Amino acid sequence: MSKKLTVFKIFPLILAFGLLIGIVSNIFFPQDVKLSCLVVIACAGLAFVWPLFQTLTNRLSSKSVTRFIISGLLLMVVIQLLVLHFLPVTVYHDPFRVLSQAELLSKNNYSWSNSTYFWRYPNNVSITFLLGQWLKFTNFLGLTTNAGLHFLSLIFLDSFISLSLKNIRRFSKQNGLVLAALIFFLISPFAYTYYLQVFYSDLPAMVCLLFGFNVLMRWPTLSKKNRLFQGLGLFLLILIGQLIKPNLIVFGIAIIVLLGIFLIRNRSQLLIYGIPLAIILIGFGASIPAKAAIQNNVHFTNNTKYELPTANWIWMSYDHKSYGTYSNSAVKKMNTFSTIADRKTYLKKAIPKRIKALGPRGVIEQWLIKTGILLKVGDLQASYSGGLIEAPNIQPKLQIILTMLGSLIMRVGFIFIYGIAFFKCLVMLTAKKASGKPIIGLAVITAVGYLLFHTFVWETESRYGQALLPLLFIVSAFPTPSILQSTKTFSMRKRGLITGGIAVLAVLVFVTESTSFVRPKEVVVASQRSQLSAQYDAKLATIQPGTTVTQKVKIKQPTTKVSILVPKRAHLTGTLVSLNNQKRYTFKRTKTYFIVHGKFKRGTYQIVLNNFNCKAQKLQIVQTQSYRLAPYPLRIKDTQHAYASLIYTFSNKVSS
């Protein structure tokens, strides 16, 4: 191996190691021995079938593959529309807070005092502004906020999927790879859960990365006219992407690294790729004044009383109790300080102290765990979802089985993606000379950047690891001497022995394991959990003396528990009334909830809250502009509020 190529090979080596951790993480987490055995069995079967699948699909004509892709995408869109109509979820946490404020902006309401959320996380002002402009446009077209959001999610999600398939087909020249990706998108929860039901910053950032690499890969073959339009589109998309998701800057840093390599090793590549790479960097640079202009336009002013220092996320990163994920205790600690200066002073000592307490071994363990969390996908589909608004009329156990099946498919699918990219990295490591496609190198450098950023510096979440997906598609589509060509020396018999042996071992563990599947103890039957949250000082509604608040809820499954979020000091009485037989159930007070247990049959119920006190009481009521939170409106006295709701959950305890 020549010294000249050593620098290039550091990055695929790091990425390969990270992907290996991701494969192990998706086999074993979430922790469930029997489900892990099923993952291993499915992966072994996939490894055995994959060469046969490629052989068969490579015989297909180009027209046949195109028909399969178009048919698959159309079927996927039909399923997506059915999911949005029949299985909507209640959106909570950050995406709802962004949506709630964006609705205000769409109505030219520039009040930022409904909660302290944006003062604490001012980076989300930009995505809120952009979403507000979209809602203003869709409202002009006569669409509801719900329809406008669904339309936006469909645009981003299906654009990502379509462009991914197009890139894989164009660059790999392998029918098997593109059809395997199509099957994954068609049968996995990827296209029907988080990215479809919840609009937030993750998917737009992934689209920006994918589009950016698509333009870079095709740049040498574009005409001057196409370069002009593609360059303009590239600039705007990077600008918007950076405003929406600030950690997209990792892509910009990777470009600077690549330009440095070009200057040192291969200046001729600057003539080919210098212009589009410069356009991307200009897009990143333009995001700084654009962000300031947006904040000025929407009359947003930072409030350092609430803002968290950047170092806070590094401090979270080395919290062994939360394994480097978001930590509520860290935020609560920051809130004990009255100024951002005091928080920074505290963190200057707290970060080195925490790292010292971990010790070298503890730090390395933290890195490995964080990488595993970053790349696992078993529970990704439930991100920012508080459950179905109205679960369908099916058995709760069947609902759990379907959820577990979705998790299984996601884990196996991503293990397959990680595995292909892992072997591509090995090819890069063993190649005698560097690839003639430096943009593939940029994809590897960018992926490593995200990996190291969330492993060494920042907090980690499974959602953040999704930024690697468009990059891994590029790496996997990278044309190398096919891995399968080297496996041709492997006879069908040897391959069957290896995969069969692994599968048999997993089956034996599955059969002998005494514990059953790890299942959730409760299934959400109906819910409305969107809220601005007390932790962000969300304003409470005032319920005057003698006032009654009611809301209907329809359940299509038997229910054993109903809970309503109610403030600690609220002197209210609560009753659940069955509208089918007029039977009444009295809520019991807990610290922050009204709860009632029982056996509630399918039907329509009414939550009734009364203020019999002589003084006004406070209550959590969520109010939007035109976003429908629940199927039935909230009633205060005799006034109906179509876009308001209590915060409630109807759930069913499921026996093992």
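For clarity, every value in this text was computed on a predicted model and none was experimentally measured. Computed from heavy atoms alone, side chains included, the values below leave out hydrogens, waters and symmetry copies. The first residue in the sequence is number 1, and the count goes up from there.
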Side chains of [X] and [Y]: does their closest heavy-atom pair fall under 4.5 Å?
X      : Y      : value
Cys208 : Gln242 : no
Thr339 : Thr304 : no
Leu619 : Val566 : yes
Leu388 : Val524 : no
Ile389 : Leu87  : no
Trp134 : Phe151 : yes
Leu375 : Leu451 : yes
Tyr648 : Arg529 : no

Task: Short side-chain donor-acceptor distance under 3.5 Å, Gln197 and Tyr192 - done: no
Open item on the list: Just by distance, no angles: are the side chains of Asn124 and Tyr200 close enough, under 3.5 Å, to form a donor-acceptor pair?
Closed with: yes
Can you tell me how the ring of [X] sits relative to the ring of [Y], calling it parallel under 30°, perpendicular over 60° and tilted otherwise?
X      : Y      : value
Tyr194 : Tyr384 : tilted
Tyr536 : Tyr117 : perpendicular
Tyr450 : His454 : parallel
Phe251 : Phe284 : perpendicular
Phe190 : Phe414 : tilted

So, does [X] use its side chain to make a donor-acceptor pair with the main chain of [Y] at under 3.5 Å?
X      : Y      : result
Asn26  : Val377 : yes
Gln528 : Ser530 : yes
Thr560 : Lys653 : yes

- [ ] Tell me, with the steps shown, if Lys245 and Asn123 meet side chain to side chain donor-acceptor pair (under 3.5 Å).
- [x] CA-CA 8 Å; Lys245 191 78 169 177; Asn123 276 336; over 6 Å; no
Task: side-chain hydrogen bond (donor to acceptor under 3.5 Å, both in side chains) contacts in which one or both residues fall within residues 359-374, not counting sequence neighbours - done: Ser317-Lys370, Tyr318-Trp367, Arg361-Glu365, Thr371-Thr455
Contacts of type side chain to side chain contact (heavy atoms under 4.5 Å, CB included), residue [X], not counting sequence neighbours:
X      : result
Asn296 : none
Ala330 : Asn312, Trp315, Met316, Ser327
Leu405 : Leu408, Ile409
Ala644 : Ile621, Gln623, Leu634, His641

- [ ] Take Ile417 and Leu469 through the side chain to side chain contact (heavy atoms under 4.5 Å, CB included) test and state the conclusion after the steps.
- [x] CA-CA 8 Å; Ile417 294 167; Leu469 184 59; 3.9 Å; yes
Suppose we screen for side chain to side chain donor-acceptor pair (under 3.5 Å). Which residues come up paired with [X], at least two apart in sequence or across chains?
X      : answer
Tyr323 : none
Glu461 : none
Thr336 : none

Under the rule for salt bridge (charged side-chain N to carboxylate O under 4.0 Å, His left out), what residues qualify as partners of [X], not counting sequence neighbours?
X      : result
Arg463 : Asp202
Asp379 : Lys376
Glu390 : Lys556
Arg97  : Asp94

Should we say atom [atom1] of [X] is surrounded by more than 12 heavy atoms from elsewhere, each under 6.0 Å from it?
X      : atom1 : answer
Phe453 : CZ    : yes
Tyr593 : OH    : no
Phe17  : CZ    : no

Separation of [Y] [atom2] from [X] [atom1] (nearest 0.5 Å):
X      : Y      : atom1 : atom2 : value
Ser25  : Leu20  : OG    : CG    : 11.5 Å
Met206 : Leu248 : CE    : CG    : 12.0 Å
Leu452 : Trp458 : CG    : CH2   : 15.5 Å
Leu646 : Ile564 : CG    : CD1   : 6.0 Å
Asn146 : Leu99  : CG    : CG    : 8.5 Å
Ile294 : Leu243 : CD1   : CG    : 4.5 Å

Task: Heavy-atom pair with the smallest gap, counting every atom of Ala467 and Leu209 - done: O-CD1, 3.6 Å
TODO: List the atom of Ser527, the atom of Gly386, and the distance in Å for their closest heavy-atom pair.
DONE: OG-O, 3.6 Å
TODO: Take Asp158 and Gln80 through the test side chain to side chain donor-acceptor pair (under 3.5 Å) and record every step on the way to the result.
DONE: CA-CA 10 Å; Asp158 292 345; Gln80 287 173 332; 3.0 Å; yes
Task: Residue that, paired with Val444, satisfies side chain to side chain contact (heavy atoms under 4.5 Å, CB included) out of Leu13, Ile10, Leu15 - done: Leu15
TODO: Run through His150, Gln625, Glu103 and flag the one making a side-chain hydrogen bond (donor to acceptor under 3.5 Å, both in side chains) with Thr145.
DONE: Glu103
Open item on the list: As a quick check of understanding, evaluate side chain to side chain contact (heavy atoms under 4.5 Å, CB included) for Ser126 and Ile244, giving each step before the final call.
Closed with: CA-CA 6 Å; Ser126 296; Ile244 290 175; over 6 Å; no
TODO: With side chain to side chain donor-acceptor pair (under 3.5 Å) as the test, would you mind laying out the steps for Gln466 and Tyr195 before giving the verdict?
DONE: CA-CA 11 Å; Gln466 291 293 286; Tyr195 295 121; 3.0 Å; yes
Open item on the list: Tell me which one of Phe129, Tyr121, Trp112, Phe118 satisfies ring-ring contact (aromatic ring centres under 6.0 Å, His included) with Phe300.
Closed with: Trp112
